[in-house]
2 protein chains.
Amino acid sequence: MEKNYTNYDLDKLDVQILSILMEDASIPYTEIAKKLIVSGGTIHVRMKKMEEMGIIRGSNLIINPQKIGFDITAFLGIYLEKGSQYADAVEQLKQVKEVVELHYCTGQYSMFAKIICKDTSHLRKVLNEDIQGLKGIQRTETIISLEESIKRQITL
Amino acid sequence: MEKNYTNYDLDKLDVQILSILMEDASIPYTEIAKKLIVSGGTIHVRMKKMEEMGIIRGSNLIINPQKIGFDITAFLGIYLEKGSQYADAVEQLKQVKEVVELHYCTGQYSMFAKIICKDTSHLRKVLNEDIQGLKGIQRTETIISLEESIKRQITL
DNA sequence: GTTGAAAAGTGCTGCGA
DNA sequence: TCGCAGCACTTTTCAAC
């Protein structure tokens with residue numbers, strides 16, 4: 001059979017399985033098997049292989065943050081005093097539970113974070129008390145998201 | 001019983017269920033029931049209620065993009081020629097499958113996007129051919145993520 | 001690697017408290 | 001409203017191809 005439909009060791013079947021489950025992880029293996037015209041056992045074997053390869057990190061429930069009172073999504077450009085303080089800053093930011101993503105990046109900012117807060121006063125508290133006071137952080141720039149127009153996974 | 005442990009109609013049990021499933025959606029209800037010392041049926045009822053309320057959007061498989069050859073995560077600050085072109089731009093960017101997040105936002109940029117590409121030449125193609133050519137987009141600024149240090153959901 | 005079916009475990013539903 | 005118990009469905013395993 002032809003290989004290299006895509007990268008690494010994934011063949012077409014693997015990619016099809018991933019594509020389906022990336023949209024909805026609750027679809028049963030038996031249904032996927034029917035759709036792709038293979039047996040349920042095969043789906044199971046492929047999934048196990050991909051889990052062992054580290055391609056699949058796990059699954060999670062997607063909740064709507066706004067429905068439970070988390071109304072503000074913001075991005076934070078962070079300037080460090082010295083680039084070498086990066087590792088330190090990561091450890092400190094891990095303690096701030098409102099930080100949901102943190103990137104070490106190129107460009108004007110040393111680091112770039114995504115944070116989710118309940119309201120403006122919560123955001124102010126996180127910025128002033130939890131983040132700007134951290135050792136090594138010089139200053140931050142805040143971009144507030146007024147609307148999330150697209151939110152999806154990559155298409156394989 | 002006391003209500004308002006948190007926002008809206010969620011009581012402590014609901015929040016505990018969500019917290020567990022947000023980290024790993026594959027944990028069986030029976031196990032959650034044991035952990036929280038209630039019956040499996042109760043978990044089921046609570047989940048159903050939260051799904052109907054729109055708090056739970058669904059579940060999805062978390063894959064490691066790097067393991068399947070998507071090596072570059074970048075953020076894109078987008079300047080529109082006119083703010084009124086926002087709706088148009090959203091529709092056009094929905095067609096670019098490398099765009100996984102798009103926000104309408106405050107600050108210097110009109111819009112802010114997160115994109116995932118295979119390599120630098122793929123990124124260049126997406127930027128030059130797919131995005132910068134779109135109607136209404138004046139220019140973009142690219143921030144490339146060299147390392148994703150934190151990636152998680154909000155803590156309730 | 002794949003299949004099909006049997007065994008084990010989980011999700012769902014209705015009745016009772 | 002919650003918990004228990006039985007049924008239906010899914011996942012998992014395994015011998016055979």
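Note on naming: letters A, B, ... go to the chains in the order of the sequence lines (proteins, then strands), and numbering restarts at 1 for each one. Hydrogens, waters and symmetry mates play no part in the numbers below; they use all other heavy atoms, side chains included.
- Each end of the helix from C:dG1-D:dC17 to C:dA17-D:dT1 gets its own axis from five base pairs, and the two axes differ in direction by 20°, given to 10 degrees.
- Sorted by first then second residue, the salt bridge (charged side-chain N to carboxylate O under 4.0 Å, His left out) pairs that include residues 87-99 of chain B, not counting sequence neighbours, are B:Asp88-B:Lys135, B:Glu91-B:Lys94.
- Looking only at distances, a side-chain donor or acceptor of B:Thr106 sits under 3.5 Å from a matching main-chain atom of A:Ile144.
- A close approach under 4.0 Å does occur between a side-chain nitrogen or oxygen of A:Thr42 and OP1 or OP2 of C:dT3.
- Applying the salt bridge (charged side-chain N to carboxylate O under 4.0 Å, His left out) test to every pair with at least one member in residues 125-134 of chain A, sequence neighbours left out, gives these pairs: A:Lys125-A:Asp130.
- Summarising the geometry, the separation between CD on B:Glu51 and P on C:dG11 is reported as 12 Å, rounded to the nearest angstrom.
- Atom pair B:Lys49:NZ and D:dT1:P shows a separation of 9 Å (rounding to whole Å applied).
- Both B:Ser39 and A:His44 lie close to DNA chain D; mapped to their nearest nucleotides by heavy-atom distance, the more 5′-ward contact belongs to B:Ser39.
- In terms of the side chain to side chain donor-acceptor pair (under 3.5 Å) criterion, B:Gln138 has no residue partners (sequence neighbours excluded).
- For D:dT1, neither phosphate oxygen OP1 nor OP2 lies less than 4.0 angstrom from any side-chain nitrogen or oxygen of B:Arg46.
- Contact check on B:Lys114 versus A:Glu101 returns a salt bridge, with a Lys/Arg side-chain nitrogen under 4.0 Å from an Asp/Glu carboxylate oxygen.
- The hydrophobic cluster around A:Phe112 extends to A:Phe75, A:Tyr79, A:Tyr109, A:Ile143, B:Phe75, B:Tyr79, B:Tyr109, B:Phe112, B:Ile143, counting ILVMFWY residues whose side-chain heavy atoms fall within less than 4.5 Å of a member.
- The CE-P distance, from B:Met47 to C:dT10, rounds to 16 Å in whole Å.
- Using a 4.0 Å heavy-atom distance criterion, A:Val45 is classed as making no nucleic acid contact.
- Using a 4.0 Å cutoff on non-hydrogen atoms, the parts of residues 25-35 of chain B near DNA chain C are B:Pro28, B:Tyr29, B:Thr30, ordered by number.
- Separation of atoms OG1 (A:Thr73) and NZ (A:Lys151) is listed at 8.5 Å; rounding is to 0.5 Å.
- The backbone N or O of A:Ile78 sits nowhere less than 3.5 Å from a side-chain atom of A:Thr140 that would complete a donor-acceptor pair.
- A salt bridge links B:Glu141 and B:Arg139; the closest N-O separation between the charged side-chain nitrogens and carboxylate oxygens is under 4.0 Å.
- Rounding to whole angstrom units, CD1 of residue A:Ile37 and P of C:dG1 are separated by 20 Å.
- Here C:dT2 presents its C1' atom at 11 Å from CD1 of A:Ile43, a figure rounded to the nearest Å.
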